[in-house]
Amino acid sequence: MMRIQKILKAGVAGAMVSLIAASACAAGGAAEKMTPDADVAKLPGVVLTQKLADGLPPSIKSSGVLKVATDLTPPISFHGEDGKLIGIDADIAAALGVILGVDVEMTDVGAGAAIVPSILAKRFDISISGINDDPELEKQVDVIDYMYDATTIMTIKDNPLAIKGMEDLCGKKVAVPVGTFQAKMVEAASAKCATPVNIMSIPKMPDVLQAVRTGRADATVNGYATSVYTTEHQTGNGKGLQALPDIRLAIGYLGMLTAKDNPQLRDSVVAALQQMVDSGAYETIMKKWSLGPLAVKTVKVNDAASMPAD
């Protein structure tokens, strides 16, 4: 099991309501109908549960479609070699569709910063995209806490700059995804530097990783889940990447987002997820993507404040 050496509250920058229209228009991909792969379809607990299906909002029951927003953060959600969305979120979304008796249409909105505005604008019913929960985020939307994550630093393979902690990022070029908790961490670290960090804010996570691979950036501060997967499964052009395993700066929840005025959907999804947890299906999916240590035992809502900080 992963040991967390220093615990901080995880968070994500709140999105401004004024960005709703612009972000919705900037959405990146077409909706993709999610169907479970054979290994997911056969899992215990991944069965139609009529009581939970009946609890869905009337609009979703009528349309028979759950509209899901995501963005690309391997292994949470990313495109396989055939172009299909795969990853933890794809498997969970497909399983939720079976349990709730609806078609799940998942759309890559192109950038994590577009997720919150797309939910507030009612363009999507829910996001399943591994967004860091945070008390400020919970003021805007309801957050279903469905897995843990930590934060680490990634460099080019073999760490040629001998980076050992956030203080070693001073004066370095550091790529971060726009509007994320990790971006806020780098900004806070930079404020303590004699020579500030040269922060490269990039909308899409794959492009953040590519900036480090190709030498445009010296490092990135990144989610533990993505860092571990990327270290084990090198993809893309340029040099390989590696997570720095001794740097575990934060732990918190990753969450699915629903609108505050949609408690029926929130509660139906929570119950369906807990069914997956209790049956073992959820843990199997997490282990499939090498992230068993980040599995939760109980699915909670708006629980970020419970995470201690030191």
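Numbers here simply count residues along the sequence, with the first being 1. Computed from a predicted model, the values in this text were never measured in an experiment.
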Visitor: Is the backbone N or O of M276 less than 3.5 Å from a side-chain atom of S279, with the two atoms forming a donor-acceptor pair by type?
Guide: yes
Visitor: Would you confirm whether T284, through its side chain, and G280, through its main-chain N or O, come within 3.5 Å as a donor-acceptor pair?
Guide: yes
Visitor: Mind checking salt bridge (charged side-chain N to carboxylate O under 4.0 Å, His left out) for K260 and listing every partner two or more places apart, or none if nothing turns up?
Guide: D142
Visitor: Using atom types as modelled, flag every donor-acceptor pair under 3.5 Å from a side chain in residues 32-44 to any protein atom, sequence neighbours excluded.
Guide:
unit_1	atom_1	unit_2	atom_2	d
E32	OE1	L85	N	3.3
E32	OE2	L85	N	3.2
D39	OD2	K288	NZ	3.0

Visitor: Considering residues at least two apart in sequence or located in another chain, which fulfil the salt bridge (charged side-chain N to carboxylate O under 4.0 Å, His left out) criterion with K297?
Guide: none
Visitor: Quick check for you: to the nearest 0.5 Å, what is the distance between I126 atom CD1 and S118 atom OG?
Guide: 11.5 Å
Visitor: Quick one, Y253 with N132, criterion side-chain hydrogen bond (donor to acceptor under 3.5 Å, both in side chains). Give me CA distance, side-chain angles, the key distance, then yes/no.
Guide: CA-CA 6 Å; Y253 291 115; N132 295 95; over 6 Å; no
Visitor: Not counting sequence neighbours, list each pair that qualifies as a disulfide (SG to SG under 2.5 Å) and has a residue in residues 43-89.
Guide: none
Visitor: Is S127 reaching over with its side chain to a backbone N or O of L257, donor-acceptor style, under 3.5 angstrom?
Guide: yes
Visitor: Who pairs with D261 by salt bridge (charged side-chain N to carboxylate O under 4.0 Å, His left out), at least two apart in sequence or on another chain?
Guide: K122
Visitor: Which residue pairs satisfy the salt bridge (Lys or Arg N to Asp or Glu O under 4.0 Å) criterion with at least one member in residues 73-90, sequence neighbours excluded?
Guide: none
Visitor: Show me, pair by pair, the donor-acceptor contacts under 3.5 angstrom made by side chains of residues 94-101, not counting sequence neighbours?
Guide:
none

Visitor: Working to the nearest 0.5 Å, report the span between CG of D71 and CE of M205.
Guide: 8.0 Å
Visitor: Treat each ILVMFWY residue as a node, draw an edge where side-chain heavy atoms are under 4.5 Å apart, and state whether V178 and V221 are in one component.
Guide: no
Visitor: Taking only residues two or more places apart in sequence or in another chain, which ones pass side chain to side chain contact (heavy atoms under 4.5 Å, CB included) with E105?
Guide: A31, V65
Visitor: Does Y282 use its side chain to pair, donor to acceptor, with the backbone of Q275 at less than 3.5 Å?
Guide: no
Visitor: List in chain and number order the residues that pass salt bridge (charged side-chain N to carboxylate O under 4.0 Å, His left out) with E187, two or more places apart in sequence or in another chain; answer none if no residue qualifies.
Guide: none
Visitor: Side-chain heavy atoms under 4.5 angstrom apart, residues restricted to Ile, Leu, Val, Met, Phe, Trp, Tyr: same cluster for I86 and I76?
Guide: yes
Visitor: Does the S190 side chain pair with the main chain of V197, one donor and one acceptor, at a distance under 3.5 Å?
Guide: yes
Visitor: Ignoring hydrogens and angles, tell me if any N or O in the side chain of D149 forms a donor-acceptor pair with the backbone of G223 under 3.5 Å.
Guide: no
Visitor: Does anything in residues 267-284 pair up under salt bridge (Lys or Arg N to Asp or Glu O under 4.0 Å), and if so which pairs, sequence neighbours excluded?
Guide: E283-K287
Visitor: Donor-acceptor pairs are to be reported for all side-chain atoms of residues 160-177 against protein atoms at under 3.5 Å, with residues two or more places apart or in another chain.
Guide:
unit_1	atom_1	unit_2	atom_2	d
D168	OD2	K164	N	2.7
D168	OD2	G165	N	3.3
K172	NZ	D168	O	3.0
K173	NZ	R216	O	3.4

Visitor: Closest approach of T152 and S227, non-hydrogen atoms and distance?
Guide: CG2-OG, 3.4 Å
Visitor: So, taking the atom named CE in M256 and the one named CD1 in I128, what distance separates them when rounded to the nearest 0.5 Å?
Guide: 4.5 Å
Visitor: Got a sec, which residues hit side chain to side chain contact (heavy atoms under 4.5 Å, CB included) with Q50, two or more places apart in sequence or on another chain?
Guide: L48, A53, D54
